[in-house]
Amino acid sequence: MAEAVSAGVERPGGLREPRSRWEYAVFGADQLVLWHGRTRPGLLDAPLRTRAVVLLGVCLADRATAAGLDGAAVAEVRLADAADVLERYVASALESCRTVPGGFGEDVVDELLNAYGQPLFEEARHAARETLAHHMADSGPRVRLADRRQALLDNRGLQSS
């Protein structure tokens, strides 16, 4: 998701570092989807990938906000807590993201809200749900976003669940 990488501080090679809670959440969501997408055909295809990343980012940002986590500390969010948001109150979490100042992905948030309860939304929710389930199955129910970094390095995050 190019906008997830381009939204923050410029780094060598044209990559950018996230600056806000929202950017960190979406960047983390993109990493989770990318890792799972290697084992799930079609997940990395546009626009599904973008919708799944934004929806998962919304859930991570919601839990980071509730825990008072900012910046890189967003990685402390437990994936099970994000899954709870996805199942119980994702519409209100999406509404909250509409107020993110200068947040990228606003158009996708609006698209998902407008499609709530319809097949387009459910396809994105299923992809996000499946992504979270994959990572929790690989690392346990208490896994945090931060814990998945080592899984990628160890190549465990790339196995199918």
Side-chain angles (χ1 to χ4, degrees), residues 1-38 40 42-136 144-146 148-149 152:
M1 185 168 167
E3 60 268 25
V5 177
S6 66
V9 178
E10 178 124 15
R11 301 189 75 180
L15 296 177
R16 295 184 182 263
E17 189 174 307
R19 292 182 293 197
S20 68
R21 175 185 294 142
W22 171 244
E23 289 175 7
Y24 272 96
V26 173
F27 182 79
D30 195 34
Q31 295 305 303
L32 292 173
V33 170
L34 280 172
W35 297 346
H36 179 52
R38 294 182 182 219
R40 201 275 203 175
L43 180 59
L44 299 181
D45 297 342
L48 178 58
R49 174 184 171 200
T50 302
R51 291 175 183 145
V53 165
V54 169
L55 193 56
L56 188 48
V58 162
C59 297
L60 292 167
D62 178 87
R63 293 298 75 210
T65 300
L69 301 172
D70 263 322
V74 169
E76 298 302 316
V77 171
R78 287 183 359 172
L79 300 187
D81 294 339
D84 191 47
V85 173
L86 186 64
E87 298 307 324
R88 294 180 182 220
Y89 57 93
V90 71
S92 16
L94 279 162
E95 279 288 346
S96 295
C97 284
R98 279 186 154 168
T99 61
V100 174
F104 56 92
E106 292 174 51
D107 54 336
V108 180
V109 169
D110 288 340
E111 176 186 41
L112 289 166
L113 270 169
N114 290 331
Y116 185 75
Q118 297 172 26
L120 181 144
F121 177 85
E122 291 307 324
E123 178 187 36
R125 182 175 9 208
H126 178 74
R129 181 186 297 130
E130 184 179 85
T131 297
L132 288 168
H134 167 84
H135 289 286
M136 289 187 294
R144 300 164 305 143
L145 185 55
R148 296 309 291 155
R149 288 184 201 139
L152 177 62

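Throughout, residue positions are numbered sequentially from 1 according to the sequence presented.
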Where is the tightest heavy-atom contact between [X] and [Y], given as atom of each residue plus distance?
X    : Y    : result
V54  : G105 : CG1-O, 4.4 Å
A146 : E76  : CB-OE2, 4.1 Å
W22  : C97  : CZ3-SG, 3.4 Å
V90  : C59  : CG2-SG, 4.2 Å
A82  : L132 : C-CD1, 4.2 Å
G57  : A29  : N-CB, 3.5 Å

With a 4.5 Å heavy-atom cut-off, do E111 and R51 have their side chains touching?
-> yes

Please report the interatomic distance [atom1]([X]) to [atom2]([Y]), rounded to the nearest 0.5 Å.
X    : Y    : atom1 : atom2 : result
D70  : R19  : CG    : CZ    : 14.0 Å
H134 : L43  : NE2   : CG    : 10.0 Å
Q118 : E123 : CD    : CD    : 13.0 Å
L60  : T65  : CG    : OG1   : 10.5 Å
D81  : L86  : CG    : CG    : 12.5 Å
D30  : L56  : CG    : CG    : 9.5 Å

Could you tell me how the ring of H135 sits relative to the ring of H36: parallel (under 30°), tilted (30 to 60°) or perpendicular (over 60°)?
-> perpendicular

Decide yes or no on side chain to side chain contact (heavy atoms under 4.5 Å, CB included) for Q31 and L145, but give the supporting numbers first.
-> CA-CA 9 Å; Q31 295 305 303; L145 185 55; 6.0 Å; no

Could I get the full list of side-chain hydrogen bond (donor to acceptor under 3.5 Å, both in side chains) partners for S20, not counting sequence neighbours?
-> none

In chain order, what residues pass the side-chain hydrogen bond (donor to acceptor under 3.5 Å, both in side chains) check against E87, with sequence neighbours excluded?
-> R129

By ring-ring contact (aromatic ring centres under 6.0 Å, His included) - contacts of Y116 (at least two apart) | F121

So, E122 versus H126: side-chain donor-acceptor pair below 3.5 Å or not?
-> no

Apply the test side chain to side chain contact (heavy atoms under 4.5 Å, CB included) to residues D62 and Y89: give CA-CA distance (whole Å), side-chain angles for both, the deciding distance (0.1 Å), then the verdict.
-> CA-CA 10 Å; D62 178 87; Y89 57 93; 3.1 Å; yes

Under the criterion side chain to side chain contact (heavy atoms under 4.5 Å, CB included), which of L79, L32, L34 is the partner of T131?
-> L32

Please lay out, stage by stage, how L69 and R21 fare under the test side chain to side chain contact (heavy atoms under 4.5 Å, CB included).
-> CA-CA 8 Å; L69 301 172; R21 175 185 294 142; 5.6 Å; no

Check step by step if side chain to side chain contact (heavy atoms under 4.5 Å, CB included) holds for V109 and L113.
-> CA-CA 6 Å; V109 169; L113 270 169; 4.3 Å; yes

